[in-house]
Amino acid sequence: MLQKREVKARREGLPDLVDAEDRPVVLRFAPNPNGPLSFGHARGLVINSTYRERYNGTFILRFDDTDTKVKPPMLEAYKSIEEETEWLTGRKPDRVVIASDRIEEYYVHANQMLEGGFGYVCRCSAEDFKVHRVGKTACPCRDQSKEDNIVLWKSMLKGVFQPGDAVVRVKTDMTLKNPALRDWPALRLQDTKAHPHPRPTIGSNYVVWPLLDFQSAVEDHLQGVTHIIRGKDLMDSTRKQKLLYEHFGWTYPETTYWGRVKVHEWGGFSTSQMRKDVEAELYEGWSDPRLPTLQALKMRGIDSKALRSFWLELGITQKDISVPLATLYSHNTKVVDSTAPRLTFVRNPISFSLEGDTPSEVSLPVHPNDASMGMRTWSLRSKKILLEGADIELMDLRLKEFADVALNDTVASMGSTERKDKRPIVHWLSSDQSRESKLCYTKDNEIHHVNGHVETHAYTAGTIVQLERIGYARVMEDDTLLLCHEELGEENV
RNA sequence: GCUCGUAUAGUGUAGUGGCCCAUCAUGAAGGACUCUCAUUCCUUCGACCCGGGUUCAAAUCCCGGUACGAGCACCA
């Protein structure tokens with residue numbers, strides 16, 4: 001009774017993997033390096049690498065770079081994907097596999113398939129074959145002898161055929177209920193003279209290339225992958241691959257799927273489209289804060305821990321979901337707040353002269369809840385202070401951590417340094433201790449900025465600070481600030 | 001068209017026949033604390049797609065419907 005109650009308690013984290021206790025667990029994440037990783041890729045990285053940690057297994061990063069024309073790989077992406085993987089998962093993958101390095105291996109298996117009589121070289125056009133697939137009929141090539149298939153295969157390798165003239169198919173069953181599974185294509189020809197592979201060691205070396213379903217299936221077996229967790233758009237892929245595994249007499253990995261995710265603010269996004277836009281210079285590179293790439297999120301000050309807990313919270317349901325960025329931001333706030341030093345930024349600053357009995361300096365805590373982060377000390381020698389344009393309509397203010405003032409024209413008369421009434425508290429700057437700066441933020445897919453003064457500081461690029469009364473921001477390479485959670489209301493701009 | 005899959009509060013999510021007039025988070029509203037519109041804490045709001053069936057008992061199993069999504073590429 002008591003035990004059953006425990007079973008039904010809310011499950012924390014991901015569900016256990018099926019059949020994972022008595023054998024080493026091998027997982028993989030296999031992106032196409034046709035661009036840097038984006039928000040959606042993070043799911044595969046987070047889920048798979050989290051299971052690696054739980055089962056002390058092996059995590060493989062595999063580059064599925066077998067298409068040189070439709071979604072051609074991007075040379076720089078190999079390196080950036082490895083970096084992004086390490087950033088997000090906290091360590092290097094246990095193994096890195098590049099499909100384009102393993103073409104010969106795939107040829108060996110293609111050859112076995114033809115020798116074994118469960119594959120054939122099909123010379124039908126795509127359109128002609130479609131008729132057979134829909135009509136559940138065998139195409140003329142299906143019944144060729146093994147010998148004929150081997151001869152044709154060798155011709156394919158020699159470059160006798162043009163792309164589209166020949167393809168290697170896996171023999172399944174043309175009467176299968178699911179049309180997607182009927183004699184599916186395993187390898188095809190690519191014109192790598194016109195579309196060379198971007199990796200110099202590969203270039204135009206091969207004309208015969210495996211398709212995803214074949215390459216991935218063979219490679220999963222060769223790498224000893226035990227569990228595949230991937231999007232449900234690949235469900236039919238699994239079914240195709242299982243048919244191939246049966247031919248080879250292999251055991252297919254345990255497979256789990258997740259549904260499609262959209263972000264309210266972004267809608268859908270594809271790497272190919274982003275690549276076009278970046279190359280057309282619609283964006284300032286792949287880390288442009290408007291893009292949903294991991295680089296951009298990092299640039300926006302989203303911590304990798306926040307991204308991890310975000311994806312773990314969504315879990316691996318097969319539901320198609322749409323989440324607001326606010327959810328990600330709330331995770332990020334939890335991660336970032338306790339270590340973000342407080343900093344003052346005054347937007348549209350208006351200068352006032354302090355009058356009255358002013359001290360020569362004032363000290364403020366770096367973090368209100370963590371005294372160990374120390375104090376920041378501002379000189380008040382010039383007696384010039386800056387207040388935010390939006391605040392000065394209020395005549396009686398309290399300068400945060402300092403003193404009451406009454407505003408009159410360009411003069412701020414000192415009042416009590418003790419807090420005596422409920423007058424509004426505003427952030428402010430001593431002009432001795434500030435410099436001009438810019439606060440950038442994204443809104444409606446545009447980058448906006450507000451001019452202002454920032455408290456002088458020595459934080460290096462990449463530091464996440466909290467601008468008091470504004471929000472979290474990242475110190476940028478050019479010394480401006482970028483708002484992390486993009487929620488500046490109209491009235492503040 | 002064929003095939004496959006999913007359906008729990010605004011958004012996500014837990015729940016695999018009794019513990020469920022349903023979990024947790026987020027969101028919204030209110031409040032406490034606070035020399036930040038931050039953080040933290042408290043309160044409140046709000047859901048099992050519809051219709052049948054099986055069963056003593058259904059969010060949970062079965063059937064049908066509906067909605068949404070995916071695959072049927074010589075893309076990944």
Side-chain angles (χ1 to χ4, degrees), chain A residues 1-2 4-12 15 30-34 64-73 99 122 124-126 129-130 133-134 136 163-169 176-182 184-190 209 211-213 215-216 231-240 257 259-261 264 270-272 309-310 313-315 317-324 326-331 333-334 336-338 340 342 344 364-365 367-370 398-404 417-419 423-427 466-472 487 489 492:
Chain A
M1 184 70 183
L2 203 72
K4 217 172 177 190
R5 186 173 286 269
E6 278 172 27
V7 172
K8 268 221 171 174
R10 183 183 168 76
R11 198 197 73 226
E12 286 294 335
N32 177 1
N34 63 337
D64 281 355
D65 57 345
T66 56
D67 179 81
T68 64
K69 190 179 174 187
V70 182
K71 292 179 181 174
C122 176
C124 301
S125 68
F129 190 82
K130 192 172 182 180
R133 185 176 49 234
V134 173
K136 301 187 181 181
D165 288 350
V167 62
V168 177
R169 294 189 180 280
L176 249 21
K177 271 175 72 182
N178 188 341
L181 314 183
R182 296 171 195 159
W184 53 271
L187 300 100
R188 68 4 181 137
L189 297 159
Q190 294 196 98
W209 285 81
L211 271 330
L212 171 83
D213 290 316
Q215 177 270 126
S216 177
K232 69 173 184 181
D233 52 313
L234 269 354
M235 271 182 161
D236 281 347
S237 234
T238 298
R239 298 185 183 103
K240 288 186 210 173
Y257 307 95
R260 212 184 57 170
V261 174
H264 289 342
S270 82
T271 304
S272 311
S309 54
F310 171 85
E313 186 176 57
L314 295 197
T317 61
Q318 287 186 32
K319 251 164 60 171
D320 298 317
I321 55 177
S322 183
V323 285
T327 307
L328 177 61
Y329 295 156
S330 90
H331 283 283
T333 296
K334 285 184 178 68
V336 147
D337 182 76
S338 63
R342 269 46 176 175
T344 302
L364 306 85
H367 193 294
N369 309 330
D370 187 354
R398 176 153 186 94
L399 306 184
K400 191 170 184 310
E401 304 281 356
F402 178 42
D404 293 347
T417 55
E418 294 300 315
R419 184 140 197 232
R423 63 176 66 199
I425 297 164
V426 300
H427 62 295
Q466 189 204 66
L467 303 179
E468 287 172 313
R469 293 182 71 223
I470 299 175
Y472 303 97
E487 55 201 21
N492 295 319

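Chain A is the first sequence line, chain B the second, and so forth, proteins listed ahead of strands; every chain is numbered from 1.
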Chemist: Run the salt bridge (Lys or Arg N to Asp or Glu O under 4.0 Å) test against A/Arg188 and tell me which residues pass, sequence neighbours left out.
Modeler: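 Expected list: A/Asp67.
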Chemist: Please list each protein N or O that sits under 3.5 Å from an N or O in nucleotides 41-44 of chain B, with the distance.
Modeler:
none

Chemist: Please enumerate all residues that pass side chain to side chain contact (heavy atoms under 4.5 Å, CB included) together with A/Ala30, with sequence neighbours excluded.
Modeler: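 So A/Ala30 forms a side chain to side chain contact (heavy atoms under 4.5 Å, CB included) with A/Arg28, A/Arg62, A/Asp64.
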Chemist: Using atom names, set out every protein N or O paired with an N or O of nucleotides 68-72 of chain B below 3.5 Å, distance rounded to 0.1 Å.
Modeler:
| from | atom 1 | to | atom 2 | distance (Å) |
| --- | --- | --- | --- | --- |
| B/G69 | O4' | A/Asp320 | OD2 | 3.2 |
| B/G69 | O3' | A/Arg260 | NH1 | 3.3 |
| B/G69 | O2' | A/Asp320 | OD2 | 3.0 |
| B/A70 | OP1 | A/Arg260 | NH1 | 2.9 |
| B/G71 | O2' | A/Asp236 | OD2 | 3.0 |
| B/C72 | O3' | A/Arg133 | NH2 | 3.3 |
| B/C72 | O2' | A/Arg133 | NE | 3.0 |

Chemist: Let's see if you can work this out: which of B/U13, B/U39, B/U36 has an atom nearest to the side-chain heavy atoms of A/Thr333?
Modeler: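 Of the options given, the side chain of A/Thr333 lies nearest B/U39.
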Chemist: Identify, with sequence neighbours excluded, every residue that meets side chain to side chain donor-acceptor pair (under 3.5 Å) alongside A/Asp404.
Modeler: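 Expected list: A/Arg398.
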Chemist: Are there any protein N/O atoms within less than 3.5 Å of an N/O atom in nucleotides 28-30 of chain B, and if so, which ones and at what distance?
Modeler:
none

Chemist: Distance check needed: B/C74 P versus A/Lys71 NZ, whole Å only.
Modeler: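 Between P of B/C74 and NZ of A/Lys71: 14 Å.
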Chemist: Can you name the atoms? Protein N/O to nucleotides 62-67 of chain B N/O, anything below 3.5 Å, with the distance.
Modeler:
none

Chemist: At a cut-off of 3.5 Å, list every protein nitrogen or oxygen paired with a nitrogen or oxygen from nucleotides 48-50 of chain B, distance to 0.1 Å.
Modeler:
none

Chemist: Once salt bridge (Lys or Arg N to Asp or Glu O under 4.0 Å) is applied, do any residues pair with A/Asp337, and if so which ones, sequence neighbours excluded?
Modeler: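 Only A/Arg342 meet the salt bridge (Lys or Arg N to Asp or Glu O under 4.0 Å) criterion with A/Asp337.
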Chemist: Any donor-acceptor pair under 3.5 Å between the side chain of A/Gln466 and the base of B/U39?
Modeler: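 Such a pair does not exist between side chain and base.
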Chemist: Report the distance from atom CG of A/Leu314 to atom C1' of B/U13, rounded to the nearest whole Å.
Modeler: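 Distance, rounded to whole Å: 8 Å.
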Chemist: Is the shortest heavy-atom distance from the side chain of A/Asp370 to the side chain of A/Ser338 under 4.5 Å?
Modeler: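 They are not in side-chain contact.
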Chemist: Dot-bracket for RNA chain B, please, read 5' to 3', with Watson-Crick or G-U wobble pairs under 3.5 Å on both distances, ( ) within the strand, [ ] crossing, | other strand, . unpaired.
Modeler: (((((((..(((.....[.....)))((((((.......))))))...(((((..]....))))))))))))....
Chemist: Only counting residues at least two apart or in another chain, list the ones meeting salt bridge (Lys or Arg N to Asp or Glu O under 4.0 Å) with A/Arg182.
Modeler: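 A/Arg182 satisfies salt bridge (Lys or Arg N to Asp or Glu O under 4.0 Å) with no residue once adjacent residues are dropped.
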Chemist: A/Asp233: which residues meet the salt bridge (Lys or Arg N to Asp or Glu O under 4.0 Å) condition with it, sequence neighbours left out?
Modeler: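 Applying salt bridge (Lys or Arg N to Asp or Glu O under 4.0 Å) to A/Asp233 gives none.
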